[in-house]
**Student:** 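Can you read through this structure? Questions will come right after.
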Protein chains: 2
Amino acid sequence: MSLRFALLGLLSDQSMSGYDLTKRFEQSMGNVWPARHSQIYPELNKLNNEGLIEIVAEGPRGRKEYQATDAGRAAVHHWLTKIPTEWSIRSEPLLRSFFLWMLSPEEARTYLRDYRTWFQQRLDGYNEIKQYWTPETEGEKASRVVLEAGVYQAEAAIAWANWALEQYGDPRDSDA
Amino acid sequence: MSLRFALLGLLSDQSMSGYDLTKRFEQSMGNVWPARHSQIYPELNKLNNEGLIEIVAEGPRGRKEYQATDAGRAAVHHWLTKIPTEWSIRSEPLLRSFFLWMLSPEEARTYLRDYRTWFQQRLDGYNEIKQYWTPETEGEKASRVVLEAGVYQAEAAIAWANWALEQYGDPRDSDA
DNA sequence: TACTGACATGTCAGAAAGTACATGTCTAAT
DNA sequence: ATTAGACATGTACTTTCTGACATGTCAGTA
């Protein structure tokens with residue numbers, strides 16, 4: 001159900017095409033909920049058939065811009081306030097960490113350094129965005145708040161990776 | 001593919017039944033990669049047919065204890081070192097946060113307080129485990145390292161929630 | 001002895017998600 | 001004039017995941 005409400009929520013803030021939404025998922029949204037265009041387009045058509053979104057403009061190359069209807073916005077509100085949150089998350093990077101004991105110490109350290117590097121790059125990216133982006137719509141202001149969650153998380157991930165590297169006998173902090 | 005290697009990895013450390021594995025997912029593993037018994041049992045049978053795990057003991061009520069074979073352990077090693085990590089994570093709690101602007105300030109704060117409470121309980125649980133659990137096998141020692149990741153993450157989540165509550169005009173820090 | 005709750009394993013249908021295939025348009029640069 | 005790359009939307013197949021259904025055993029207790 002989450003994808004459906006993600007789309008509905010984005011289209012409650014501003015009108016967008018499937019293509020725009022796909023890009024949005026590739027950038028920000030995909031960091032917490034990945035989705036490809038092959039999932040997005042069919043879902044948009046379903047949402048449209050159910051009257052939760054509507055086409056507000058058409059453009060070149062068959063471009064269709066959608067916007068949430070009142071019913072759509074109400075559906076998001078219902079989801080947010082009445083449907084219990086699925087708190088558990090899915091993280092392959094941490095799943096893999098359970099099995100670092102099966103690697104040689106050097107292999108384990110390589111993994112942890114990659115882990116740290118990946119989150120460091122995330123963090124750099126986030127800080128870049130923070131510097132040059134001024135949120136305008138209400139939706140963007142909320143996104144800005146979530147961006148900060150990404151910063152907190154990335155910092156925690158890096159701190160953990162450094163701690164874990166010590167556990168796995170890192171000779172010296174190289175790649176930080 | 002992840003579930004397959006999660007099972008294989010767990011069965012590389014110690015022999016377990018599907019029931020044991022299910023409980024393991026409900027507790028620790030499920031925090032980073034959820035799975036139900038309806039997914040676990042068929043996967044175990046597949047793994048068994050492929051010779052990646054084998055039955056090492058049988059018990060009451062049809063209980064079957066599995067253990068990874070050498071081929072199984074090799075498969076995990078290959079996965080860890082040769083298959084690129086899927087770095088992006090999936091988090092419904094953060095997805096929902098993108099749409100807090102659609103709620104009234106009070107509703108948004110309620111959500112953020114629930115968010116904080118949930119992670120605080122996680123954190124308490126983790127600290128409890130840290131105090132009373134002594135890892136024995138290599139797999140458990142690695143799990144202990146991942147547990148620490150949970151601590152870092154939960155602390156970051158709580159810190160963020162507090163910051164976000166200020167953004168959403170929290171009159172006073174109540175529930176911390 | 002009857003019952004409850006934990007133990008234990010499975011299947012099945014449908015939903016969600018991922019990968020690959022497929023097609024076509026518009027713009028800017030060469 | 002051609003061509004490359006971004007724009008734009010879709011389908012089809014397969015795998016993964018969830019939720020519900022289904023069955024049965026064993027240990028402890030009332």
Side-chain angles (χ1 to χ4, degrees), chain A residues 1-8 10-11 15-27 29-50 53 55-66 79 83-92 95, chain B residues 1-8 10-11 15-27 29-50 53 55-66 79 83-92 95:
Chain A
M1 290 281 87
S2 297
L3 175 66
R4 150 177 225 96
F5 295 111
L7 296 173
L8 232 28
L10 287 168
L11 294 175
S15 65
M16 273 187 276
S17 68
Y19 188 80
D20 296 336
L21 287 160
T22 300
K23 278 194 302 181
R24 191 60 92 79
F25 272 86
E26 279 166 10
Q27 307 156 9
M29 196 70 80
N31 290 326
V32 300
W33 198 270
R36 323 276 158 126
H37 81 276
S38 61
Q39 212 186 343
I40 291 170
Y41 285 113
E43 192 66 41
L44 284 174
N45 286 322
K46 270 209 275 177
L47 253 15
N48 189 33
N49 290 336
E50 293 171 35
I53 61 175
I55 297 173
V56 289
E58 306 206 22
R61 280 158 293 197
R63 176 188 172 87
K64 286 177 283 184
E65 247 171 80
Y66 296 96
W79 174 61
I83 312 290
T85 303
E86 173 63 61
W87 293 102
S88 66
I89 64 148
R90 203 174 281 267
S91 163
E92 197 190 291
L95 176 63
Chain B
M1 289 281 88
S2 297
L3 174 65
R4 163 178 214 88
F5 295 111
L7 296 173
L8 232 29
L10 286 168
L11 294 175
S15 65
M16 273 187 276
S17 69
Y19 188 81
D20 296 336
L21 287 161
T22 300
K23 278 193 303 181
R24 191 58 93 78
F25 272 86
E26 280 166 11
Q27 305 155 11
M29 197 70 80
N31 291 327
V32 300
W33 199 272
R36 326 242 169 211
H37 82 275
S38 60
Q39 211 186 342
I40 291 170
Y41 286 113
E43 191 66 41
L44 284 174
N45 286 323
K46 271 209 275 177
L47 253 16
N48 189 34
N49 290 335
E50 292 170 36
I53 61 176
I55 296 174
V56 290
E58 307 206 21
R61 281 157 293 195
R63 175 186 173 89
K64 286 176 282 183
E65 247 172 81
Y66 297 95
W79 174 61
I83 310 291
T85 304
E86 173 65 58
W87 293 102
S88 66
I89 64 148
R90 203 175 280 268
S91 162
E92 197 190 290
L95 176 63

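Chain letters run A, B, ... following the sequence lines, proteins first, then strands; residues in each count from 1. Owing to the predicted nature of the structure, the values given are computational and were not obtained by experimental measurement.
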**Student:** Of all residues at least two apart in sequence or in a different chain, which pass the side chain to side chain donor-acceptor pair (under 3.5 Å) check with B/Glu86?
**Tutor:** B/Ser88
**Student:** Taking CD from A/Glu58 and C1' from D/dG10, how many angstroms apart are they, rounded to a whole number?
**Tutor:** 15 Å
**Student:** Where is the tightest heavy-atom contact between A/Asn31 and A/Gln27, given as atom of each residue plus distance?
**Tutor:** ND2-O, 3.4 Å
**Student:** For the side chain to side chain contact (heavy atoms under 4.5 Å, CB included) test, which of A/Arg24, A/Lys64, A/Lys23 pairs with A/Met16?
**Tutor:** A/Arg24
**Student:** Please give, in whole Å, the distance from C/dA17 P to B/Glu92 CD?
**Tutor:** 10 Å
**Student:** Look for any protein N or O under 3.5 Å of an N or O in nucleotides 12-19 of chain D and output each such pair with its distance, or none.
**Tutor:**
{"from": "D/dT16", "atom 1": "OP1", "to": "B/Met1", "atom 2": "N", "distance (Å)": "3.2"}
{"from": "D/dC17", "atom 1": "OP1", "to": "A/Arg90", "atom 2": "NH1", "distance (Å)": "3.2"}
{"from": "D/dC17", "atom 1": "OP2", "to": "B/Gln39", "atom 2": "NE2", "distance (Å)": "2.4"}
{"from": "D/dC17", "atom 1": "O5'", "to": "B/Gln39", "atom 2": "NE2", "distance (Å)": "3.1"}
{"from": "D/dT18", "atom 1": "OP1", "to": "A/Arg90", "atom 2": "NH2", "distance (Å)": "3.3"}
{"from": "D/dG19", "atom 1": "OP2", "to": "B/Arg36", "atom 2": "NH2", "distance (Å)": "3.4"}
{"from": "D/dG19", "atom 1": "O6", "to": "B/Ser38", "atom 2": "OG", "distance (Å)": "2.8"}

**Student:** Rounded to whole Å, how long is the line connecting atom CG of B/Asn45 with atom C1' of C/dG10?
**Tutor:** 8 Å
**Student:** State which residues pass side chain to side chain donor-acceptor pair (under 3.5 Å) with B/Arg36; sequence neighbours excluded, sorted by chain then number.
**Tutor:** none
**Student:** Send over the distance from A/His37 NE2 to C/dA17 P, rounded to a whole Å.
**Tutor:** 16 Å
**Student:** Could you state the CG-C1' distance from B/Leu95 to C/dA16, rounded to the nearest angstrom?
**Tutor:** 14 Å
**Student:** Which residues satisfy the ring pair (Phe, Tyr, Trp, His ring centres under 6.0 Å) test with A/Trp33, sequence neighbours excluded?
**Tutor:** none
**Student:** In chain order, what residues pass the ring pair (Phe, Tyr, Trp, His ring centres under 6.0 Å) check against A/Tyr66, with sequence neighbours excluded?
**Tutor:** none
**Student:** If I take atom CG in residue A/Leu44 and atom P in nucleotide D/dG10, what distance separates them, rounded to the nearest angstrom?
**Tutor:** 8 Å
**Student:** Which donor-acceptor pairs under 3.5 Å do the side chains of residues 38-48 of chain A make with protein atoms, sequence neighbours left out?
**Tutor:**
{"from": "A/Tyr41", "atom 1": "OH", "to": "A/Tyr19", "atom 2": "N", "distance (Å)": "3.3"}
{"from": "A/Glu43", "atom 1": "OE2", "to": "A/Arg4", "atom 2": "NH1", "distance (Å)": "2.7"}
{"from": "A/Asn45", "atom 1": "ND2", "to": "A/Tyr41", "atom 2": "O", "distance (Å)": "3.4"}

**Student:** What is the distance, to the nearest angstrom, from the CG atom on B/Leu47 to the P atom on C/dG10?
**Tutor:** 13 Å
**Student:** Suppose we screen for side chain to side chain contact (heavy atoms under 4.5 Å, CB included). Which residues come up paired with A/Arg63, at least two apart in sequence or across chains?
**Tutor:** A/Ser17, A/Asp20, A/Glu65
**Student:** Output one letter per nucleotide in nucleotides 1-8 of chain D: B when a protein non-hydrogen atom lies under 4.0 Å from the base, S when only the sugar-phosphate is that close, - when neither is.
**Tutor:** -----SBB
**Student:** Suppose we screen for side chain to side chain donor-acceptor pair (under 3.5 Å). Which residues come up paired with A/Ser2, at least two apart in sequence or across chains?
**Tutor:** B/Glu92
**Student:** Return the value, rounded to whole Å, for the distance between atom CD1 of B/Ile40 and atom P of C/dT11.
**Tutor:** 14 Å
